[in-house]
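Written below as structure tokens is the structure these notes are about.
What you see is a predicted model; the values in this text were computed from it and never measured. In what follows, chains are A, B, ... by sequence order, proteins preceding strands, each numbered from 1.
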Amino acid sequence: MGEDPARARQDSHGRKRGPAGADRCPDRRAAEGGSRRGTGRQEMKRRLRAAIAAALQSESDLTEADLAPIGIEVPARPEHGDFAINAAMVLARKLRRSPREIAQGLAPALEELPEVERVTVAGPGFINVSIRPSAWRSVLIQILEQGEDFGRSQREQPREVMVEFVSANPTGPLHFGHGRGAVVGDVLARLLDFSGHRVQREFYVNDAGRQVRNLALSIDCWRRRHAGEEAALPEDGYHGAYVEELAQEMPPDASLEAIEEAAVEAMLEGIRRDLSDFGIHMDRFASERALVSAGRIQQAIGALQERGVLEEREGASWFRSDRFGDEKARVLIKQDGSNTYFATDIAYHMDKLQRGFDMLINVWGADHHGYVPRMKAALQALGQAPDALDVVLVQMVSLVRDGAPVLMSKRAGEITTLRQVFEEVGRDAARFFFLVRGPDSQMEFDLELAKRRSLDNPVFYVQYGHARLCSLLVRAAERGVQVPALDSASSVDLDRLVLPEEMRIVKRMSELPEVVRRAADSRAPHQLVYYLQELVGSFHSYYTAYGKVDPILVGEEGKVAARLVLVLALRQVLRNALDLLGVSAPERMDSLETE
RNA sequence: GCGCGAUUAGCUCAGUUGGAUAGAGCGUUGGCCUCCGGAGCCAAAGGCCGCAGGUUCGAAUCCUGCAUCGCGCGCCA
């Protein structure tokens, strides 16, 4: 505890962040001057916004705040161009002029930009801007140059983010239901990192409470039975076969405390292995017991005491969380002098703050949503802004096989483990499945569906797209077609890419940085999944449409070279996006043929 | 009873933070293999965005009420 989160930083992929990544500053790139090279979508938007701002401010005294609500978006319809700007509508009231009039006035300023091809005013006052194809094509070079860093962005104000997730009781293996929170937390962490924050992932281990004591008692019970004694399992004891197995490993003279410790250690080891095999790496396992023995609970209670938000009543100590938006006050110290769970939770969150994190994200099961207000209240009482803590609630997942519910009885120890699920359907499919819905929508996980090779299970569709691209490159090599290398790609004449389908793919690819950012900011990993499906779809469509008439690898040399640059760039984008999801990007799909 | 979440095509769900004529997959119907992998593609049909008000240039999106479903409301962990 107490280490500086800024130290020993690694990105989500376990790579040390090298100077190459740090060097990539979009602003500096832009500052290099009028070069078309490296103008990505974000840079285009920045320039459009700047042009609008300059034009407006030259003729009226508008403030930054007036300009803030101006949005630059992708129009729903392609005939509306590449960007739609709502500035005229937003400012109509303020300027006391009609939107269309304002829009007409702004158009010339935008037309002056070299990358702008056409500006039209349409509808209620939208300014529609089309960008020259050559500017779009240069995105391809940018993608190849940035490689695995394409899509990464910098933040003006990066934050020290702690993503706490899974945090399952160390009293048994991970249940399949933990899988959703695990993957959502993991991908969220990757997205936050990739979009410019500094991120640590943590698993909070409840190793001090009654649950682990119960586990120890259950083990003790089995130990006695093995020794021939009559012994009854505790009321709410643990039933799984692993309990009996653990009992056999315990030395006969082990104390209850020793059993507890050994059991927790064994359980955690299993959990670590499950997570690791599911592609999830934690930076730290935070022990509740360590917090307790370090006196952190008292410290937290003391801190609240100092702030005057505690109250003694009925022999207990209450935190007046109701003063900070919670429904009612909550007990921290019970009549019998012991702490409630809430007290240790406060201590843990305070510890996170003390370690320098300024953005706390917790991924919780939706059944814990009732705890959100009190936890936020505690942080506010400690002087934090209300949004210092963000709880992402993941809804329940029900396990289904061919549409029929898979029955489980926790009592009888019949739980389906996370491991069973990902071993049956595969890690890629399991992860993708958990990610394909928004966290707050309930979902069914159909085991048969997840294994099926159909579009119900879009991971295959996406991976196939990647494999297809790889296959194209292999085919090109076989035919002796020159595949452009990184340094020669910039000398390829990209103006040979003229098909609308090609431009569509290029524009989609350019969106990755924004998609990543938005998915991170709105805590919605599924947005990246949808993006991927659309991007891959646009490629499959292109591939099929021209496969007969004008195949990618066939034809005049310059055209083929330009298309291969497109192929290389798309492969890179797919890889980066899949990597963010923790899903593999296979070069061939032959595993399916062996089934 | 109170709180949180949900309600969008037959089904499962998106909807770029308030934008233009509402989107995808599955399913249904009808097409496309002389082709770099058809594990693919194209097209059609399918909508009172739960209901009723309100806010404004503009609402599936924001506010209020109602309905239905799910989940929470212990000095449990």
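Environment of CZ in R96(A): sparse, with no more than 12 heavy atoms of neighbouring residues, nucleotides or ligands closer than 6.0 Å. Residue R401(A) qualifies as enclosed at atom CZ: its count of foreign heavy atoms under 6.0 Å is above 12. More than 12 heavy atoms of other residues, nucleotides or ligands shown are found within 6.0 angstrom of CZ on R323(A). Heavy-atom contacts from other residues, nucleotides or ligands closer than 6.0 Å to NZ of K94(A) number 12 or fewer. Q482(A) CD: 12 or fewer foreign heavy atoms inside a 6.0 Å radius. In this structure, E557(A) places its CD atom where only 12 or fewer heavy-atom neighbours from other residues, nucleotides or ligands lie under 6.0 Å away.
Within the 4.5 Å cutoff, no side-chain heavy atoms of F433(A) are placed close to those of V425(A).
Rounded to a whole angstrom, the distance from the P atom of U8(B) to that of C73(B) is 27 Å. Spacing between A9(B) and G18(B) at atom P, rounded to whole Å, works out to 23 Å. Comparing U28(B) with G10(B), their P atoms are spaced 16 Å from each other, to the whole Å.
Contact annotation: Y542(A) does not reach the phosphate of G40(B) (side-chain N/O to OP1 or OP2, under 4.0 Å). Between C75(B) and S317(A), no contact under 4.0 Å exists linking OP1 or OP2 to a side-chain N or O. OP1 or OP2 of C41(B) has at least one side-chain nitrogen or oxygen of Y461(A) nearer than 4.0 Å.
In this structure, E534(A) places its CD atom 9 Å from P of A24(B), rounding to the nearest Å. If you take CD1 of I333(A) and P of C76(B), they are 14 Å apart, rounded to a whole angstrom. Between D322(A) atom CG and C73(B) atom P there is a gap of 18 Å when expressed in whole angstrom units. Whole-Å rounding puts the D207(A) CG to A77(B) P distance at 15 Å. Straight-line distance from the NZ atom of K507(A) to the P atom of U16(B): 21 Å, rounded to whole Å. Rounding to whole angstrom units, NZ of residue K94(A) and P of C57(B) are separated by 15 Å. Straight-line distance from the CG atom of L512(A) to the C1' atom of U16(B): 14 Å, rounded to whole Å. Rounding to whole angstrom units, CG of residue D367(A) and C1' of A6(B) are separated by 16 Å.
When each of A14(B), C73(B), U56(B) is scored by its nearest atom to the side-chain atoms of R93(A), the top-ranked nucleotide is U56(B). With distances taken from any side-chain atom of R468(A) to the nucleotides A77(B), G5(B), G40(B), the minimum falls on G40(B). Here A77(B) is the nucleotide among A77(B), G40(B), G19(B) with the atom lying nearest to any side-chain atom of K334(A). Residue H526(A) places its side chain closer to G15(B) than to any other of G37(B), G15(B), C75(B). Comparing atom distances between the Y464(A) side chain and each of G5(B), G40(B), A20(B) picks out G40(B) as nearest. Here the side chain of N86(A) is nearest to one of G19(B), C42(B), C73(B), namely G19(B). With G3(B), A20(B), U56(B) as the choices, the nucleotide that has an atom nearest any side-chain atom of A84(A) turns out to be A20(B). Comparing G19(B), G37(B), U17(B) by their closest approach to the side chain of E73(A) singles out U17(B). Among C76(B), C71(B), C36(B), the nucleotide with an atom closest to any side-chain atom of R210(A) is C76(B).
With hydrogens and angles disregarded, a donor-acceptor distance shorter than 3.5 Å links the side chain of N86(A) to the backbone of G71(A). Of the possible donor and acceptor atoms, none in the side chain of R523(A) sits under 3.5 Å from a partner among the backbone N and O of L188(A). Under the 3.5 Å distance criterion, the side-chain polar atoms of H178(A) are matched with a main-chain donor or acceptor of H175(A).
The residues E478(A) and R475(A) are annotated as salt-bridged, a charged nitrogen and a carboxylate oxygen being separated by less than 4.0 angstrom. The existence of a salt bridge linking R46(A) and E43(A) is confirmed by a sub-4.0 Å separation between a basic side-chain nitrogen and an acidic carboxylate oxygen.
Between the side chain of N128(A) and the base of A20(B), at least one donor-acceptor pair of N or O atoms lies under 3.5 Å. Between the side chain of Y531(A) and the base of A14(B), no donor-acceptor pair under 3.5 Å is found. A donor and an acceptor atom never sit less than 3.5 Å apart when one is taken from the side chain of R518(A) and the other from the base of U17(B). Side-chain to base pairing of H369(A) with G3(B): one donor and one acceptor N or O lie within less than 3.5 Å of each other. Scanning atom types as modelled, no donor and acceptor separated by under 3.5 angstrom connect the side chain of Y543(A) and the base of C32(B).
Here R77(A) lies in heavy-atom contact (under 4.0 Å) with a base. As judged by a 4.0 angstrom heavy-atom cut-off over every strand, S471(A) is placed among the base-contacting residues. The residue P99(A) sits apart from the nucleic acid: no heavy atom pair falls under 4.0 Å. Among the heavy atoms of the strands lying under 4.0 Å from Q335(A) is at least one base atom, whether or not backbone atoms are also near. Residue contacts for G547(A): at a heavy-atom cut-off of 4.0 Å it reaches a base atom on one of the strands shown. Contact annotation for A92(A): no contact, since no heavy-atom pair falls under 4.0 Å across all strands. Nucleic acid contact for A476(A): none, since no nucleic acid atom lies under 4.0 Å from a heavy atom of the residue. Contacts of D440(A) with the nucleic acid, taken as non-hydrogen atoms under 4.0 Å apart, involve only primed sugar atoms and P, OP1 or OP2.
Between H368(A) and E587(A), the one whose closest nucleotide on RNA chain B sits nearer the 5' end is E587(A). Along RNA chain B, the nucleotide nearest P439(A) and the nucleotide nearest H80(A) are compared for position; the residue whose nucleotide lies closer to the 5' end is P439(A).
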Pairs under 3.5 Å (Watson-Crick or G-U), crossing ones as [ ], inter-strand ones as |: RNA chain B comes out as (((((((..((((.....[...)))).(((((.......))))).....(((((..]....))))))))))))....
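U8(B) takes the anti form, because its glycosidic angle lies more than 90° either side of 0.
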Please write out each protein N/O paired with an N/O of nucleotides 7-13 of chain B under 3.5 Å, distance rounded to 0.1 Å.
| from | atom 1 | to | atom 2 | distance (Å) |
| --- | --- | --- | --- | --- |
| U12(B) | O2' | R437(A) | NH2 | 3.0 |
| C13(B) | OP1 | Q442(A) | O | 2.8 |
| C13(B) | O2' | R437(A) | NH1 | 2.9 |
| C13(B) | O2' | Y530(A) | OH | 2.7 |

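Of the listed residues (M375(A), Q380(A), R374(A)), just one forms a side chain to side chain contact (heavy atoms under 4.5 Å, CB included) with D326(A), and that residue is R374(A).
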